[in-house]
Amino acid sequence: MESVEDRLKASASRTHLADEIRHSGWNRREAAAVAEILQTTVTSGTDLRTIELPDKTHFGLRMAFFEAATFPLRRIELHHFDRPEDLGPLADARVYGTDLHGEYAGWGYGYGGWGLKSHSPVHCASGRVERDCMRVPTGHRRGADCITLAAFLYRTPGFRGCSFCGGAVIQRLTDEQHTYYARFCETSTARPWQAAKRT
């Protein structure tokens, strides 16, 4: 079982997915194939929207895969990072959401149990089937935005995230990023209501 701290770390991704598989009724061969993709394909440099799971992957297993590779925006204390330079190695962490730039009417959403599935299997703003949400946008689908944490915090003033899921998910942190985050938060004197400025 993951600790609160491990929920942010990429190194705990496999444990998270293994726990989900262990307590599910998914086909074991199918689940093993998805677990192998997580282990061999996903790195900090991977754009998760480009990951192709087998077409017939169970809906819940697909969701569990992306939940193992990300965490919801609400789990990270971003109020500590008042300036772009404060982010250090966190600056390059990838953020995903359906409308990170605030270009569309309504709210932006995250993915899976962290977001869309918590509301409905279908995106409540545009009617898109959820399995298409963590995909690169094309002429046929809006897909998901993917930007760095630095760009998200300081260059997206139009972002309006869902009040339930936070509107975005963040790719799990490398050990270096997590260590930096933990140490910075320990020494920060910022309070939760002092939100990071977006300039």
Side-chain angles (χ1 to χ4, degrees), residues 2-16 38-51 65-104 107-112 114-116 133-137 142-163 165-199:
E2 283 183 303
S3 67
V4 173
E5 180 184 70
D6 283 346
R7 290 176 183 174
L8 306 183
K9 297 169 65 175
S11 57
S13 292
R14 279 178 283 176
T15 301
H16 176 102
L38 179 68
Q39 180 175 352
T40 61
T41 305
V42 177
T43 68
S44 60
T46 303
D47 183 341
L48 297 178
R49 302 174 303 168
T50 65
I51 298 292
F65 173 88
F66 286 108
E67 288 178 352
T70 65
F71 60 87
L73 181 63
R74 64 176 180 269
R75 281 197 180 152
I76 191 168
E77 298 178 5
L78 295 175
H79 61 274
H80 296 292
F81 304 93
D82 192 51
R83 302 169 300 168
E85 54 266 33
D86 291 340
L87 287 171
L90 292 171
D92 295 326
R94 295 174 186 260
V95 181
Y96 302 88
T98 60
D99 190 16
L100 298 182
H101 298 283
E103 296 175 351
Y104 304 99
W107 301 99
Y109 295 89
Y111 182 86
W114 308 140
L116 298 179
C133 294
M134 190 62 95
R135 298 290 183 88
V136 176
R142 263 175 48 194
D145 297 327
C146 176
I147 58 179
T148 65
L149 184 58
F152 175 71
L153 276 182
Y154 304 104
R155 300 176 193 169
T156 55
F159 173 72
R160 296 174 71 238
C162 166
S163 59
C165 70
V169 294
I170 300 176
Q171 197 154 337
R172 291 208 185 201
L173 307 179
T174 65
D175 288 345
E176 178 192 10
Q177 289 172 331
H178 187 271
T179 297
Y180 178 87
Y181 169 74
R183 289 176 179 170
F184 195 94
C185 290
E186 282 180 3
T187 59
S188 171
T189 57
R191 296 293 181 264
W193 57 85
Q194 296 173 310
K197 299 174 183 177
R198 294 180 183 178
T199 58

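When the side chain to side chain contact (heavy atoms under 4.5 Å, CB included) test is applied to Ala91, the partners found at least two apart in sequence or on another chain are Leu87, Ala150. Every residue two or more places apart in sequence or in another chain that forms a ring pair (Phe, Tyr, Trp, His ring centres under 6.0 Å) with Phe184 is listed here: Phe81, Tyr180. Residues forming a side-chain hydrogen bond (donor to acceptor under 3.5 Å, both in side chains) with Gln39 (at least two apart in sequence, or on another chain): none. Listed by chain and number, the residues in a salt bridge (Lys or Arg N to Asp or Glu O under 4.0 Å) with Arg83 are Glu85, Asp86 (sequence neighbours excluded). In this view, Thr43 and Thr46 satisfy the side-chain hydrogen bond (donor to acceptor under 3.5 Å, both in side chains) rule, not counting sequence neighbours.
Residue pairs meeting the salt bridge (charged side-chain N to carboxylate O under 4.0 Å, His left out) criterion with at least one member in residues 175-190: none, sequence neighbours excluded.
Cys146 SG to Leu48 CG: the interatomic distance, rounded to the nearest 0.5 Å, is 7.5 Å. The distance from atom CD1 of Ile147 to atom CZ of Phe152, rounded to the nearest 0.5 Å, is 6.5 Å. Rounding to the nearest 0.5 angstrom, the gap separating the CG atom in Leu173 from the CG atom in Asp92 is 12.0 Å. Atom CG of Asp145 is separated from atom CZ of Arg49 by 7.5 Å, given to the nearest 0.5 angstrom.
Heavy atoms only, all atoms of each residue included: Ala68 and Ser13 are closest at O-OG, 2.7 Å. Pairing each heavy atom of Gln171 with each of Tyr96, the nearest pair is OE1-OH, 2.6 Å. Counting all heavy atoms, side chain and backbone alike, Gly45 lies closest to Arg94 at O-NH2, 2.9 Å.
Applying side-chain contact (heavy atoms from CB on, under 4.5 Å) to Ile170 and the options Leu90, Thr70, Ile76 leaves one that passes, Ile76. Each of His178, Gln177, His16 was scored for a side-chain contact (heavy atoms from CB on, under 4.5 Å) with Lys9, with one residue passing: His178.
A donor-acceptor contact shorter than 3.5 Å links the side chain of Tyr181 to the backbone of Glu77. Counting only distance, with no hydrogens or angles, the side chain of Arg172 and the backbone of Ser11 share no donor-acceptor pair below 3.5 Å.
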Inset, instruction - Apply side-chain contact (heavy atoms from CB on, under 4.5 Å) to Leu73 and Val95, showing your working. - result: CA-CA 9 Å; Leu73 181 63; Val95 181; 5.6 Å; no
